[in-house]
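Fair warning: this is a prediction, and the values are worked out from it, not measured in the lab. Lettering of chains follows the sequences in order, A, B, ..., and the numbering in each one begins at 1.
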Amino acid sequence: MSQRLSVFAVGLALTATMASAQQLSILLPERTRLLQDQRIDLVVEVRDAASAAGLRVTANGADITSRFQGPVASDLDCNGTQDAVYRANLTSFQDPGPVRIIATLGNGRAIKDLTVQRFGVPAKRKNVILFIGDAMGTAYRDAARIVSRSTETVPNVPGFREGYFDNLLEMDKMPVSGMAMTYAWDRVVPDSANTASTWSSGNKIMYNAMGVFPDGTDCAWRAAGRNSATLATMLDNPRIETLWEYMRRKYNYRVGIVSTADVTDATPAGEVSHTAHRETRAAITLQYLEHPLLNNQPAYDVILGGGMEQFEANKRSDSRDLIGEFRSKGYAYVTTASELRQVNASGGKLLGLFRRGTDAVLNSSGIRATPDGNMDVAYDKLQLTRPGSEPVADFNGFNDQPFLDLMTQKAIEALAGPNGDQPFMLMVEGASIDKQSHPNHAAGTIWDTIEFDKAIGVGRAWARARTNADTLLLVSADHDQSMHIIGVTETPDTDLFDRGSSLTLNTNSPVGQQSTKIFKDSNSNVRASYSYSNSGGDPNTSGREGPPAMTYGDIPETAGFPDYLDENKDGYPENRQVGTKGMRRLSVGFRTGNHTGSSVPVTAEGPGALLFTGWYDQGDIMLKMAASLGGDTKDLDTTLNRIVTNPDYPKTIGK
Amino acid sequence: MRLAGVLLLVMAALGGTTPPKLLTFTLGEKPAQIVSRFGAMPNVVRGREYTILQFHDAGSEKQHDCDGGFEWEVYLNGSGAIQSITWNPTKPVSVSDLFPDRQYISSPTTPKTGAFVRHLSKETLVFATANSDDQKSIQQATLMRSVVADRLLPWVTNKGR
């Protein structure tokens with residue numbers, strides 16, 4: 001388990017008559033759900049183990065004790081008691097249906113129930129492209145639609161008239177919708193790590209963790225900080241295989257990730273990483289290269305995004321040159337949009353790292369380089385003028401970064417191969433929808449959602465061009481954030497937002513008199529109303545919390561729709577006034593600078609898409625993807641086609 | 001333990017400098033006192049036999065996703081006694097601010113890994129992992145009961161030297 005462990009002395013006799021009841025724990029969540037042969041580390045912890053020998057474990061009555069190794073001494077809970085651990089690493093179950101695991105030792109006993117879902121791939125294999133807009137709740141989709149599709153997509157047609165869009169977003173046009181609940185294993189408001197692992201593994205994961213369940217040595221890194229000294233206790237947790245790993249191991253699927261974040265950030269890492277904390281970046285990157293569940297072979301065929309520093313010898317605590325090592329394994333390596341356009345990686349392996357963190361150095365914790373080398377956002381790559389409340393871009397010399405649509409196109413080409421016949425799974429992340437929403441940068445987050453939608457368009461076009469409808473396309477978010485579209489449309493700049501001043505607002509009891517900062521976003525037709533902090537400060541003294549947005553001031557609300565202009569027809573409105581166009585704007589407000597616990601939308605297209613209707617748990621997404629990949633979805637797909645094509649059924653305008 | 005904290009404050013006052021906030025804790029505080037010191041209600045993480053009180057989420061103030069980026073993490077054992085306080089400063093802190101003697105101990109097993117260590121009393125110590133002994137700044141430091149450090153990180157406490 002950790003460096004503090006040593007194997008118990010052989011010959012510890014079972015002295016049940018002397019021992020009190022052993023405290024046994026099987027480290028699986030309640031209601032664990034697995035596919036046939038999906039692997040987990042089955043771990044049994046024994047607390048106060050004066051005698052830890054003699055463990056017996058059964059699965060549906062069959063003795064599986066021989067799979068376990070141990071006992072290994074440990075100080076579980078960091079309380080100085082004598083404890084022990086048994087492990088059966090990478091265990092799986094072959095028969096579909098319920099499985100009851102019973103562990104006994106002395107007079108101690110533990111029981112866990114899990115469920116195994118049938119799985120087998122058809123002769124004609126299918127693909128999955130999962131698009132994740134990080135934090136892309138409903139308001140983010142709505143805002144991107146209003147900004148980008150209220151422009152003239154047809155000459156002299158405003159795009160948004162009488163309450164209808166003439167041309168909806170790509171993700172809007174997908175025929176099936178559902179909603180996913182995003183709760184973490186241990187809290188209502190999740191982060192990007194546990195959510196990614198949930199849709200990847202089918203099970204709830206604890207906050208900040210990826211592909212592992214909690215264990216009794218988590219106390220060590222909780223108490224002594226997350227650093228190189230406690231790294232072993234962050235990497236020893238019971239692992240669960242993800243669908244990405246599963247399809248690669250069992251069916252030789254090609255897999256890839258595309259992200260505008262550091263590629264070791266939680267969403268791109270969540271498909272294959274196993275760690276109790278997402279900050280263990282050096283270890284995560286190493287898992288990409290030498291994956292412990294894939295015979296120490298690379299986890300991904302395609303990696304595109306930021307985070308160059310995580311791969312560089314002088315930024316890593318192990319001094320390994322991972323870029324060089326990937327290249328030696330046959331990966332084409334690119335660092336700019338120009339190189340990406342030119343590279344021919346069809347059917348091959350591709351590593352593209354387009355950004356290094358500004359002043360990136362190895363963090364003194366020894367487990368990561370810092371700061372994150374996230375790629376720059378669409379708004380800046382387009383060289384649009386940032387609103388006054390948002391920072392001016394600093395590309396740190398990385399002036400030729402690709403957009404997400406190009407990255408997606410190249411990733412699909414690489415994974416599917418020249419004939420398009422190599423089965424694959426790809427995750428594409430619009431990362432800075434979230435990263436720009438944390439500091440409440442409205443323009444940054446909305447234009448990144450537009451960029452993300454264009455990547456979805458690439459995936460849809462590729463899938464629809466195929467002779468067989470063999471590619472499931474999914475669009476969802478890991479979690480929501482707090483942006484909302486608020487009722488201050490068409491408000492003159494002079495009425496809004498001067499970043500340099502603080503305005504005292506009088507509001508009704510019990511809120512009382514508040515002081516809060518409001519921002520003026522010149523040269524912008526989209527802006528935050530004002531920023532709420534969730535710092536926990538006392539609103540009566542810190543001035544960091546304000547009243548609800550709708551109680552603010554006497555802003556005149558007017559009727560009408562935004563009239564953004566897309567002069568160069570690149571699909572990205574320029575966000576400025578030109579003549580009489582671009583005068584009316586969208587205003588959004590942020591209640592916090594952090595995630596929310598709201599459910600997130602899912603849209604689906606392709607084989608098995610109909611499975612994604614309804615309101616369900618985020619972990620169901622993995623099981624539904626598996627059902628699409630492995631099951632016969634013909635009846636579902638025929639039904640959906642009838643719904644979509646039957647002229648007697650209503651059709652959404654703009655779809 | 002409390003005396004050590006008071007002494008640090010007095011020494012700092014005499015020297016005209018303000019000690020890092022981490023060193024003003026004694027680990028003898030009650031949870032309610034900790035909450036009072038930070039002036040905010042914490043985010044609480046509960047484990048099987050521990051509780052973490054987290055203060056000052058930096059998430060909303062950074063431009064990237066930094067979930068869980070709390071500046072302060074207070075670790076309580078199952079009895080509610082504070083065992084350690086970890087400080088994740090928002091900006092790097094000079095090593096000499098916390099470790100004027102720059103006592104550095106290398107990890108016996110992991111290359112490029114070590115820790116600056118300072119024994120504040122018989123009962124408490126502060127340590128910060130580092131990648132080399134000539135490192136100028138640190139980005140994390142932990143104040144911990146020595147008895148806990150002896151169990152968790154014996155090479156850091158250099159017990160038995």
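Heavy atoms closer than 4.5 Å to chain A are found in both the backbone and the side chain of B/I138. Proximity to chain A is limited to the side chain of B/T142, based on heavy atoms less than 4.5 angstrom apart. Only the side chain of B/F127 comes within contact range of chain A, with at least one heavy atom under 4.5 Å from a heavy atom of that chain. In this structure, chain A has no heavy atom under 4.5 Å from any part of B/S132.
For the atom pair CG of A/L362 and CD of B/Q139, the computed distance is 8.5 Å after rounding to the nearest 0.5 Å. B/T129 OG1 to A/N363 CG: the interatomic distance, rounded to the nearest 0.5 Å, is 7.5 Å. To the nearest 0.5 angstrom, B/T51 atom OG1 is 11.0 Å from A/R222 atom CZ.
Heavy-atom pairs under 4.5 Å with chain B peak, among A/S317, A/S365, A/G444, A/S432, at A/S317. Between chain B and the options A/D318, A/N79, A/L231, the largest number of non-hydrogen pairs under 4.5 Å is found for A/N79. When each of B/I85, B/N88, B/V74, B/T113 is scored by its heavy-atom pairs under 4.5 Å with chain A, the top score falls to B/T113.
Of all the heavy atoms in B/L152 and A/A224, the pair that sits closest is CD1-CB, 4.5 Å. Between B/Y75 and A/D77, the closest heavy-atom pair is OH-O, 4.1 Å. In this structure, B/Q135 and A/S364 approach most closely via the heavy-atom pair NE2-CB, 2.9 Å. In this structure, A/S25 and B/R48 approach most closely via the heavy-atom pair OG-NH1, 3.3 Å. Between A/G366 and B/N131, the closest heavy-atom pair is CA-OD1, 3.5 Å.
A/C78 has its side chain out of reach of B/Q83: every pair of non-hydrogen atoms, C-beta onward, lies at least 4.5 Å apart. Residues A/R226 and B/E73 meet the side-chain proximity criterion, which asks for heavy atoms closer than 4.5 Å. The shortest side-chain heavy-atom distance between B/V45 and A/R187 falls under the 4.5 Å cut-off. Residues A/T81 and B/E49 form no side-chain contact, since every pair of their non-hydrogen atoms from C-beta on lies 4.5 Å or further apart.
More than 12 heavy atoms of other residues, nucleotides or ligands sit less than 6.0 Å from atom CG of B/D134.
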